[in-house]
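Chain letters run A, B, ... following the sequence lines, proteins first and then strands; every chain starts at 1. Just so it is clear, the model here is predicted, and its values are computed rather than measured.
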Number of protein chains: 2
Amino acid sequence: MPELPSDSVGVVTPQTAHFDDPLDLACGKTLPAYDLVYETYGTLNAERSNAVLICHALSGHHHAAGFHSQDDRKPGWWDAHIGPGKSIDTRHFFVVSLNNLGGCHGSTGPISDNPETGRQWGPEFPMMTVTDWVHSQTRLADRLGIERFAAVIGGSLGGMQAMQWALMYPERVANVAVIAATPKLSAQNIAFNEVARQAIRSDPDFHDGWYAEHHKVPKRGLKLARMVGHITYLSEDAMGSKFGRDLRSDDFNFGYDVEFQVESYLRYQGDTFSTSFDANTYLLMTKVLDYFDPAAPHGGDLARALAPAECPFLVVSFTTDWRFPPSRSRDIVDALIRAGKRVSFANIDSPHGHDAFLMPDPRYQAVFAAFMSRVAADLSLEGRP
Amino acid sequence: MPELPSDSVGVVTPQTAHFDDPLDLACGKTLPAYDLVYETYGTLNAERSNAVLICHALSGHHHAAGFHSQDDRKPGWWDAHIGPGKSIDTRHFFVVSLNNLGGCHGSTGPISDNPETGRQWGPEFPMMTVTDWVHSQTRLADRLGIERFAAVIGGSLGGMQAMQWALMYPERVANVAVIAATPKLSAQNIAFNEVARQAIRSDPDFHDGWYAEHHKVPKRGLKLARMVGHITYLSEDAMGSKFGRDLRSDDFNFGYDVEFQVESYLRYQGDTFSTSFDANTYLLMTKVLDYFDPAAPHGGDLARALAPAECPFLVVSFTTDWRFPPSRSRDIVDALIRAGKRVSFANIDSPHGHDAFLMPDPRYQAVFAAFMSRVAADLSLEGRP
């Protein structure tokens with residue numbers, strides 16, 4: 001049996017929390033009952049003060065760290081940052097990571113059955129927003145006996161949830177880390193999401209979202225959606241240095257089979273995704289991104305939106321991220337400063353574009369670890385795991 | 001009847017040149033015979049020294065200036081720059097603008113009949129390259145009695161053709177203008193093209209390129225291809241200031257109908273294109289872009305590739321162009337300097353992204369007009385149209 005790395009949280013088992021209290025949603029609908037699937041790493045201390053919530057991004061899920069079995073070869077999506085001795089040190093912190101509502105990895109979502117119809121929710125699953133997610137996350141915290149998180153942390157769409165926590169539940173979060181995020185999507189961001197949505201929705205196998213009942217999967221659309229998404233996750237330089245204009249074989253074939261390595265890579269990414277992710281879920285997740293704009297109810301003034309926040313913030317961006325570029329993180333930082341909040345900001349020099357937030361990087365890890373170490377020190381967590 | 005603008009070339013009529021000499025292509029095939037459709041503006045002088053060739057971009061065609069009838073409301077695609085008193089002044093120059101081989105606007109291409117089979121060429125139309133196009137353009141020049149062009153000019157993919165002219169036929173071109181172009185596509189450029197191709201080729205109505213015989217049009221794929229292309233033509237700032245996060249109606253509908261104005265715009269652009277452009281042609285044009293890399297046969301050394309050129313160059317880029325950014329134009333300029341060529345370079349401050357090359361802009365027009373005025377002066381064209 002292969003040995004798991006010593007700085008891994010080891011083998012973890014997802015758990016499911018069922019909720020019977022209806023959840024009123026921003027779209028006007030109510031979710032009568034729902035499940036949230038989650039994982040935890042580390043141990044909740046007696047004071048219940050050391051919990052950290054991890055919020056996932058567009059196609060993420062609850063499996064952020066560790067392995068699902070002894071011979072599982074691929075760890076969770078943020079394993080580089082969660083574990084004993086890592087930035088989010090599980091010797092000090094009790095880490096909670098969930099799959100959001102509307103997801104397709106175990107929490108209630110479009111692939112779940114609608115109890116009222118006995119039919120899969122499919123396209124009738126109610127639309128979600130970041131505020132709905134944060135609301136549902138407080139219920140999970142209640143269930144786990146966590147009154148206040150030591151930190152709420154997320155990258156990309158996850159960072160938006162972390163920001164929203166600070167606004168909606170200032171008394172329930174001691175620190176917030178907003179990584180590779182933005183206070184709102186730009187027209188170009190929305191445009192790329194719209195291409196992805198049109199790709200999925202115009203696939204004849206989509207059947208207005210009832211593909212499961214037709215025993216189909218809109219694979220073509222999902223593949224295209226992932227391909228175009230993937231281009232925006234990588235920096236132009238990263239793509240250039242990874243693939244350049246390298247050919248797959250010695251010369252051009254002057255046809256439409258793969259010629260350049262980058263074509264092969266994108267097709268593979270798209271194919272893999274198209275058989276593993278639910279189309280209705282992907283559509284919903286892109287909409288959650290589009291809707292996020294906490295400043296909107298405050299006349300566009302992000303500082304006013306952030307006024308209720310009480311905690312210190314860490315904001316991190318990456319130099320080559322062109323999906324949510326450093327300037328957007330700076331908008332968050334500027335608004336926090338105008339609102340008189342405590343904020344640390346690091347713009348990490350990385351070649352990896354938006355995807356950098358998922359990757360190990362010495363400077364990123366150092367900034368992140370220093371922040372978490374301060375969080376632990378404030379709560380007197382260190383030295384007594 | 002509406003009056004046409006006084007600085008317009010007026011009503012123009014496309015002409016067709018038929019060629020019976022087979023054209024050997026870079027892909028190894030031979031095109032036995034072909035038509036090239038073209039327009040001309042202005043008058044060829046007695047010395048035949050005042051001809052200017054315009055090369056078109058990805059979805060362009062021969063109709064660069066003027067109107068097709070007295071009540072035609074939309075002028076040619078480069079009407080802002082071609083006409084009496086404009087940058088390419090038709091009082092001095094005889095302008096030739098053609099539809100390239102493989103096009104779908106009258107020149108021989110996938111929608112033409114293959115004389116050997118009596119069937120539409122469709123997906124069997126041979127693959128083109130920029131070198132093939134330039135070769136075919138020399139035949140058109142021969143037919144028109146033009147030994148040497150006063151200038152060969154193009155934007156984007158058109159700029160690549162202009163560059164290729166200077167390398168392949170240095171004795172036949174007196175000046176070259178390369179606008180918003182690149183010496184080769186990056187991995188990211190190829191990746192976007194590949195998304196467009198996959199969108200078209202995975203459309204069930206594509207039928208491996210034989211859609212016409214199935215009386216179908218792969219509209220879904222063409223629409224997606226155009227949508228994703230369109231995002232790359234506009235700058236993020238231009239999209240932001242044009243649409244921002246503006247909603248189409250007062251509030252979110254929390255569904256998949258159009259919510260943001262930018263969605264509406266992109267869908268409209270995609271729909272329009274999907275009913276007006278041929279899918280096989282679009283595929284072919286993206287491949288021509290991908291293949292272009294004149295430095296490749298010279299170990300990647302663009303200066304060596306440019307060594308045969310004899311003419312002065314104008315290179316123009318636009319500050320917010322992220323499809324072919326100014327740094328790529330600078331690569332061309334640097335190579336020209338290293339090769340000891342004469343080159344003028346202008347990086348025009350424009351908010352319009354790649355599309356800026358199609359638009360009127362005072363600084364762009366001033367640079368362009370100054371260059372063309374020098375071309376005219378060198379040839380002693382001015383004052384004797």
Side-chain angles (χ1 to χ4, degrees), chain A residues 25-29 123 126-127 129 184-195 197-199 201-204 209 219-221 223-224 227-228 230-231 234-236 239-246 252 254-256 259-263 265-267 270 283 287 290-291 293 296 322 325, chain B residues 25-29 123 126-127 129 184-195 197-199 201-204 209 219-221 223-224 227-228 230-231 234-236 239-246 252 254-256 259-263 265-267 270 283 287 290-291 293 296 322 325:
Chain A
L25 304 168
C27 68
K29 294 183 183 165
M127 191 62 84
T129 64
K184 62 184 177 192
L185 263 61
S186 70
Q188 191 190 70
N189 292 148
I190 295 170
F192 277 121
N193 280 346
E194 174 64 4
V195 171
R197 286 190 290 263
Q198 287 292 317
R201 296 180 58 80
S202 70
D203 185 329
K219 279 191 205 170
R220 288 171 291 234
K223 177 178 176 175
L224 290 168
M227 287 174 73
V228 74
H230 214 85
I231 298 176
L234 301 183
S235 71
E236 179 166 25
M239 255 194 176
S241 56
K242 198 167 178 177
F243 307 108
R245 296 177 51 83
D246 292 350
F252 295 129
F254 291 110
Y256 296 100
E259 296 194 297
F260 294 96
Q261 290 289 6
V262 66
E263 296 173 311
Y265 171 79
L266 272 189
R267 288 188 196 183
L283 293 172
K287 276 294 189 181
D290 288 4
Y291 293 138
D293 186 4
W322 65 280
Chain B
L25 304 168
C27 67
K29 295 181 182 165
M127 191 63 84
T129 64
K184 61 184 176 191
L185 262 61
S186 70
Q188 190 190 72
N189 292 147
I190 295 170
F192 277 120
N193 279 346
E194 174 64 4
V195 170
R197 287 190 290 264
Q198 288 293 317
R201 296 180 58 79
S202 71
D203 185 328
K219 278 191 205 171
R220 286 170 292 234
K223 177 179 177 176
L224 290 168
M227 286 173 74
V228 75
H230 213 86
I231 299 176
L234 300 183
S235 71
E236 180 166 23
M239 256 196 176
S241 57
K242 198 166 179 179
F243 307 108
R245 296 177 52 83
D246 292 350
F252 295 130
F254 291 111
Y256 297 99
E259 296 194 296
F260 294 95
Q261 290 289 7
V262 67
E263 296 173 311
Y265 172 79
L266 272 189
R267 289 188 197 183
L283 293 172
K287 276 294 189 183
D290 287 4
Y291 293 138
D293 185 5
W322 64 279

With side chains defined as the heavy atoms from C-beta onward, is the minimum distance between A:Y256 and B:M127 less than 4.5 Å? yes
Looking at [options], which one has more heavy-atom pairs under 4.5 Å with chain B than the rest?
| options | value |
| --- | --- |
| A:G255, A:G28, A:S186 | A:G255 |
| A:R267, A:M227, A:Q261, A:H230 | A:R267 |
| A:N189, A:D290, A:V228 | A:D290 |

For [X] and [Y], indicate whether the former's side chain and the latter's backbone hold a donor-acceptor pair under 3.5 Å.
| X | Y | value |
| --- | --- | --- |
| B:R245 | A:L185 | yes |
| A:E259 | A:F254 | yes |
| A:D293 | A:K184 | no |

Atom group of [X] that falls short of 4.5 Å from chain B, counting heavy atoms:
| X | value |
| --- | --- |
| A:K223 | side chain |
| A:T129 | side chain |
| A:Y265 | neither |

Can you label the angle between the B:W322 ring and the A:W322 ring as parallel, tilted or perpendicular, going by 30° and 60°? tilted
Against chain A, work out which of B:G240, B:P123, B:G244, B:A296 has the most heavy-atom pairs shorter than 4.5 Å and name it. B:G244
Derivation and outcome, side-chain contact (heavy atoms from CB on, under 4.5 Å), residues B:I231 and B:M239: CA-CA 8 Å; B:I231 299 176; B:M239 256 196 176; 4.0 Å; yes
